[in-house]
Protein chains: 2
Amino acid sequence: MAEAKPGTRQRSGGAGTRERIVDAAARLFYRHGIGSVSVDAVAEAAGVTKRTLYNHFRSKDDLVAAYLEARDQPNLALFQAWFDAADGDLADRLRALFRKLAENAGGRSWKGCGYLRTAAELVATPGHPAVQAARRHKRNVEAWLSSVIAAERPKAEAERLARQLQLLMDGAFAAGLLHRDPDYMQAAGEAADALLRRSEGR
Amino acid sequence: MAEAKPGTRQRSGGAGTRERIVDAAARLFYRHGIGSVSVDAVAEAAGVTKRTLYNHFRSKDDLVAAYLEARDQPNLALFQAWFDAADGDLADRLRALFRKLAENAGGRSWKGCGYLRTAAELVATPGHPAVQAARRHKRNVEAWLSSVIAAERPKAEAERLARQLQLLMDGAFAAGLLHRDPDYMQAAGEAADALLRRSEGR
DNA sequence: GTCTATATAGAGATAGAC
DNA sequence: GTCTATCTCTATATAGAC
């Protein structure tokens, strides 16, 4: 599995066994980090035995990649929902996005960005499938930011601003985690606002 | 040492044994990450036995903290040297700092920011001495940035800009490492420039 | 597909001689 | 202070019964 050939069938005993495993992995890996969580712990949290887990995933590395891939679209959808629900002009709505991120960063279970943290932990293996999944996710976020900005600004400017906003976001993920302080995300929102409004006057 | 009590003496066999160990640890931990480097590997790279290493450091955790503490002042001095060597006004000189960082990020041995990466790896133990050392270093950098900006801007504005610039820097460390692309640091420099020059017009 | 039990390897840290 | 040898623990991954 994981890439079932046509003709192969996925006869999972419990429906959604794979999902349960990925969900448990996501919770534990995000909370404690990849290296600190054993496969045993994931299996126990998912309510399956280790042997079952290894029937669904070839290795822990595959499981880590599956965790990040599973979070890609939900994370993106959350950003979009926050943006869409906000009122005002483009800058106001992006400001709302950062405000939501800051609220999130204030929660007890917040531990920064799982993608950046995984990339940091796997620095010794840049080709790791989980690192590639992280790259894809960040590119998706940047492309989405670029698309919403491009609705009101020239394309080249939108791409530049999208990257700058993501740099602020990622910086706030990293610094906010280091200092355990959501004020960094707040400051990132202010900087994003300044960049957007300055750019307007050009 | 590291806070040797008065009266205590450190009769190290080879002069600078501790430094050799810390240097080897810094090289390996930065290159491969904390979890991927064993104490054996550090001892071998330093040319000492593991027993000698444990005579100088109580645990691997202590060694990691010593590595980050040892890099604090040299890193800061490097930033200052880059800034001091540049010509032009404040924005020009800060721009030069980002340009130097981008050059650095293009090198083969560049692996992002060791402080942020260590904090990401040690997310499960926020009170870890290495994490505290990382916080101190980042605060030192921000304070230094604030001081140079305050030479030409009001204090409150300088503090705000210093934090924004560091967010961009940290974001570029994280994204540049994930994508293995120094363009992110370049983009951070442009954003920093925009923030500084916008702020001027206020 | 799922279970119990285990192979195998590598880690951090220490014992005891010199 | 430094050495060799080793203890102990935990990890990933697998064997073989059902």
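Scope of the values below: all heavy atoms of this structure, side chains included, with no hydrogens, waters or symmetry mates. Each chain gets a letter, A, B and so on, in the order the sequences are listed, and its residues count up from 1.
- Residue Thr49(B) places at least one side-chain N or O closer than 4.0 Å to OP1 or OP2 of dC3(D).
- Following rounding to the nearest Å, Phe29(A) (CZ) and dA11(D) (P) show an atom-to-atom distance of 12 Å.
- Nearest to the side chain of Ser38(A), among dT2(D), dA13(C), dA11(D), sits dA11(D).
- Around CD of Glu44(A), the count of heavy atoms belonging to other residues, nucleotides or ligands within 6.0 Å does not exceed 12.
- Per the geometry, CG belonging to Leu63(B) stands 10 Å off P belonging to dA13(C), to the nearest Å.
- Look at OH on Tyr54(B): it is 16 Å from C1' on dA5(D), rounded to the nearest Å.
- Atoms CG (Asp61(B)) and P (dA11(C)) sit 16 Å apart, rounded to a whole Å.
- Look at CZ on Arg20(B): it is 14 Å from P on dG1(D), rounded to the nearest Å.
- Atom CG of Asp40(A) is separated from atom P of dC9(D) by 17 Å (rounded to the nearest Å).
- Ring pair His179(B)/Tyr184(B) is parallel by interplanar angle, where below 30° counts as parallel and above 60° as perpendicular.
- Distance from the side chain of Lys50(B) is smallest to dT14(C) among dG1(C), dT14(C), dT12(D).
- Summarising the geometry, the separation between CG on Leu53(B) and C1' on dA11(C) is reported as 14 Å, rounded to the nearest angstrom.
- Nucleic acid contact for Val37(A): sugar-phosphate only, since backbone atoms but no base atoms lie under 4.0 Å from a heavy atom of the residue.
- For residues 131-150 of chain A, the set of pairs meeting the side-chain hydrogen bond (donor to acceptor under 3.5 Å, both in side chains) definition, not counting sequence neighbours, comprises Glu69(A)-Arg136(A), Asp72(A)-His137(A), Asp72(A)-Asn140(A), Lys138(A)-Asp170(A), Glu142(A)-Arg163(A).
- When rounded to the nearest whole Å, the span between CZ of Arg51(B) and C1' of dC18(C) equals 14 Å.
- Contact annotation: Thr52(A) side-chain N/O to dC3(C) OP1/OP2 distance is under 4.0 Å.
- In this structure, the side chains of Leu94(B) and Leu145(B) come closer than 4.5 Å at one or more pairs of heavy atoms.
- The phosphate of dT2(D) (OP1 or OP2) has a side-chain N or O of His56(B) nearer than 4.0 angstrom.
- When all heavy atoms of Val131(A) and Thr125(A) are compared, the closest pair comes out as CG2-O, 4.0 Å.
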